[in-house]
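Scroll down for the structure; my scribbles are underneath it.
All chains are named by letter (A, B, ...) in the order of the sequence lines, taking the proteins before the strands, and each is independently numbered beginning at 1.
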Number of protein chains: 2
Amino acid sequence: MAEKAAGGGVQSVERVFELLELITDAGGEVSLSELSSSTDLPLPTIHRLLRTLVTKGYARQLPNRRYALGPRLIRLGEGANKQLGALARPQLKHLVDSLGETSNMAVLDSDMVIYIAQVPSPHSMRMFTEVGRRAHTHDTGVGKAILAQLSNDAVRSIVARAGMPTPTEKSLKTIDELLAELDLIRERGYSIDEQEQELGVRCFAMAVPNAPTPSAISVSGPVSRVDEHFAEKAVPLLREAVRSIAEELNLTS
Amino acid sequence: MAEKAAGGGVQSVERVFELLELITDAGGEVSLSELSSSTDLPLPTIHRLLRTLVTKGYARQLPNRRYALGPRLIRLGEGANKQLGALARPQLKHLVDSLGETSNMAVLDSDMVIYIAQVPSPHSMRMFTEVGRRAHTHDTGVGKAILAQLSNDAVRSIVARAGMPTPTEKSLKTIDELLAELDLIRERGYSIDEQEQELGVRCFAMAVPNAPTPSAISVSGPVSRVDEHFAEKAVPLLREAVRSIAEELNLTS
DNA sequence: TTACTGATTCCACTCAGTGGAAAATAGGAT
DNA sequence: ATCCTATTTTCCACTGAGTGGAATCAGTAA
């Protein structure tokens, strides 16, 4: 078979989600043959899996015979969002109201972070981060805040799997740099993304302790506004926000 | 073996989505045994399917061992959302071309509506509604059109959760006023936002019947242009547009 | 402690899923 | 129009992925 990664997972389920991800990656619309060249699955197999999705409403077939994501996925996505995002959003809103900068919440998903909630800044110049988007851990505020809660071994294996791209010259380049940075974060209790993801953008982030899924929240904006003075106001507010979120989480777990 | 009613669907794929729907129905969090009593699947089978979902990030296991929807579903949901919007956009475009006013499509997201597509009016004076923006149900045309398709009980609980702010003096102020208005909407088949959201702005909206997610489309503009005469042209066009959208949806559901 | 409930793992059986090959259909090109 | 090619869809015999009964393990209460 393909890999040792079998691990007892149900093959057709894994495959069907792989297909859904590919459709999403392709911008929401693909032909059968495009899928078969992106995977190494035989064409009839892809067709049968998609057919199942289509009859259940999780995929749609367009008049041009291409396949798209189906409307029933919306509910599921919202449900997932609701779980974590709903209880965090009021806190993010409060941060934005107090600080004037965009606030995000993200969770760890195997070896990347996923943004699950966002309250945009009222400023016209602001970050553009989409809910649902995946990002690396080593070059984002939320990512580093989450990593700082894990063991160094866990961090090593995550970074080994995800790699360490360097989107800007400020990005951390080696695992050792990263581990040193994480020690600093553990000590002071919050992380800083110092233009590591995008030049001109600074971000302060803090992990949510004891979350069922490793999670963190952040505030971010242009370096001109998000400076040391900003941090003095932001850090206590972040601390209060994660405390409040953690409290709500523990009610249901 | 299953009956021939299966229709060629892949069993484990159908089952896995049935499980995800059940988790959503249950409010986003279930135990294994709760699932086994809602389905007639044997417990080990459920467990294995969930395990596959968990390792891939489409489900999460909480500390209390219960299962919840996973973060990777968010991206798929967002993707599907965009698709739905794309499907409706040609119809919205047609409305704008015929009527000269801004047209929107929105879906219900728990207790608020989310605008998922928009085609702006060519006029310089026009509504400013952002795709992705959330709005209340009781003071918007699309919101009321959607509510009119639900039971009064469902409406009550939505409004109870979301509240009933009154952005203008024309806004509906009580749940009873709203329910009376909904009866009227059910009878005539479309809703009117009579400057309830913003003074000077009127809006005609109609629900998309049998949509997988409760949805509605609208045309809106300044009261000076959007009057009774406008309605005479707009209502038949809206009717045709929702019919057309519903038809496209039903091809795949 | 013990008894109980619910979650997880095991494993032999077998039917659901697979994929090669063929048929049908769409889309050009002439 | 007709032929040709690319792509999608259906068919079906083989088989190993998935199943589910039974056993085990982990929590919780008494």
Side-chain angles (χ1 to χ4, degrees), chain A residues 1-20 22-23 26 28-56 58-70 210 212-213 250-253, chain B residues 1-20 22-23 26 28-56 58-70 248 251-252:
Chain A
M1 290 302 124
E3 295 288 320
K4 41 89 200 177
V10 176
Q11 189 186 58
S12 42
V13 172
E14 291 175 348
R15 287 178 168 182
V16 100
F17 278 102
E18 184 185 349
L19 292 176
L20 286 172
L22 283 171
I23 296 174
E29 191 183 320
V30 262
S31 71
L32 200 49
S33 46
E34 282 168 351
L35 282 176
S36 87
S37 58
S38 314
T39 62
D40 42 11
L41 298 178
L43 234 144
T45 300
I46 299 175
H47 182 258
R48 186 165 4 84
L49 292 172
L50 282 178
R51 211 136 152 20
T52 309
L53 289 175
V54 169
T55 56
K56 294 291 171 187
Y58 299 102
R60 296 185 300 121
Q61 188 164 28
L62 307 172
N64 31 337
R65 296 183 155 202
R66 295 162 73 80
Y67 290 90
L69 298 176
N210 306 119
T213 304
N250 286 346
L251 295 179
T252 55
S253 62
Chain B
M1 57 195 68
E3 307 79 72
K4 57 172 219 151
V10 176
Q11 188 185 58
S12 43
V13 172
E14 290 175 348
R15 288 177 167 184
V16 99
F17 278 102
E18 184 185 348
L19 292 176
L20 287 172
L22 283 171
I23 297 175
E29 191 184 319
V30 263
S31 70
L32 200 48
S33 46
E34 281 167 353
L35 283 175
S36 84
S37 58
S38 314
T39 61
D40 43 11
L41 298 177
L43 232 143
T45 300
I46 299 173
H47 181 258
R48 188 167 0 86
L49 291 171
L50 282 177
R51 210 134 152 27
T52 308
L53 290 175
V54 168
T55 57
K56 293 293 174 188
Y58 299 102
R60 296 183 300 123
Q61 188 163 27
L62 306 172
N64 32 339
R65 295 182 159 201
R66 293 163 74 81
Y67 291 89
L69 299 175
E248 284 194 80
L251 293 180
T252 56

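- Among the protein residues, R66(A) comes within range of no part of the nucleic acid, since none of its heavy atoms lies under 4.0 Å from any strand.
- Between the C1' atom of dT19(D) and the CD atom of E14(B) lies a distance of 16 Å, rounded to the nearest Å.
- Considering only side-chain N and O atoms, R15(A) lies nowhere under 4.0 angstrom from the phosphate OP1 or OP2 of dG18(D).
- Position along DNA chain C of the nearest nucleotide to T45(A) versus R65(A) favours T45(A) as the more 5'-ward residue.
- What separates CG of L32(B) from C1' of dG20(D) is a distance of 13 Å, to the nearest Å.
- For S31(A) and dT7(D), the shortest distance from a side-chain N or O to OP1 or OP2 is not below 4.0 Å.
- Across dT18(C), dG18(D), dG20(D), the shortest atom-to-atom separation from the side chain of V10(A) is found for dG18(D).
- The interatomic distance linking I46(B) (CD1) with dG20(D) (P) rounds to 10 Å, in whole Å.
- OP1 or OP2 of dA16(C) has not a single side-chain nitrogen or oxygen of S12(A) nearer than 4.0 Å.
- For the pair V13(A) and S33(A), both in contact range of DNA chain D, the more 5′-proximal nearest nucleotide belongs to S33(A).
- Residue side chain R48(A) reaches the base of dG19(C) through a donor-acceptor N/O pair under 3.5 Å, judged by distance alone.
- Whole-Å rounding puts the L50(A) CG to dT10(D) P distance at 13 Å.
- Taking T45(B) as the reference, R15(B), P42(B), R48(B), L49(B) meet the side-chain contact (heavy atoms from CB on, under 4.5 Å) condition, with sequence neighbours excluded.
- As a whole-Å value, the separation of R51(B) CZ from dT9(C) C1' is 9 Å.
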ask   = So L41(B) and L35(B), side chain to side chain contact (heavy atoms under 4.5 Å, CB included) or not? Walk me through it.
value = CA-CA 9 Å; L41(B) 298 177; L35(B) 283 175; over 6 Å; no

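- In this structure, L43(A) reaches the bases: a heavy-atom distance under 4.0 Å links it to at least one base atom across the strands shown.
- The shortest distance between the side-chain N/O atoms of H47(B) and the OP1/OP2 oxygens of dA7(C) is not below 4.0 Å.
- When rounded to the nearest whole Å, the span between CD of Q61(B) and C1' of dA7(C) equals 9 Å.
- Here the two rings, on Y58(A) and F17(A), have centers that are 6.0 Å apart or farther.
- Of the inter-residue distances, the one linking Q11(A) atom CD with E18(A) atom CD reads 10.5 Å to the nearest 0.5 angstrom.
- Contact check, Q11(B) against dG18(D): no side-chain N or O comes under 4.0 Å of OP1 or OP2.
- Between Y67(B) and dG6(C) there is no side-chain polar atom (N or O) within less than 4.0 angstrom of OP1 or OP2.
- Using a 4.5 Å cut-off on side-chain heavy atoms (C-beta onward), T52(B) and V16(B) make no contact.
- Rounded to a whole Å, the CG atom of D40(A) is 13 Å from the C1' atom of dG19(C).
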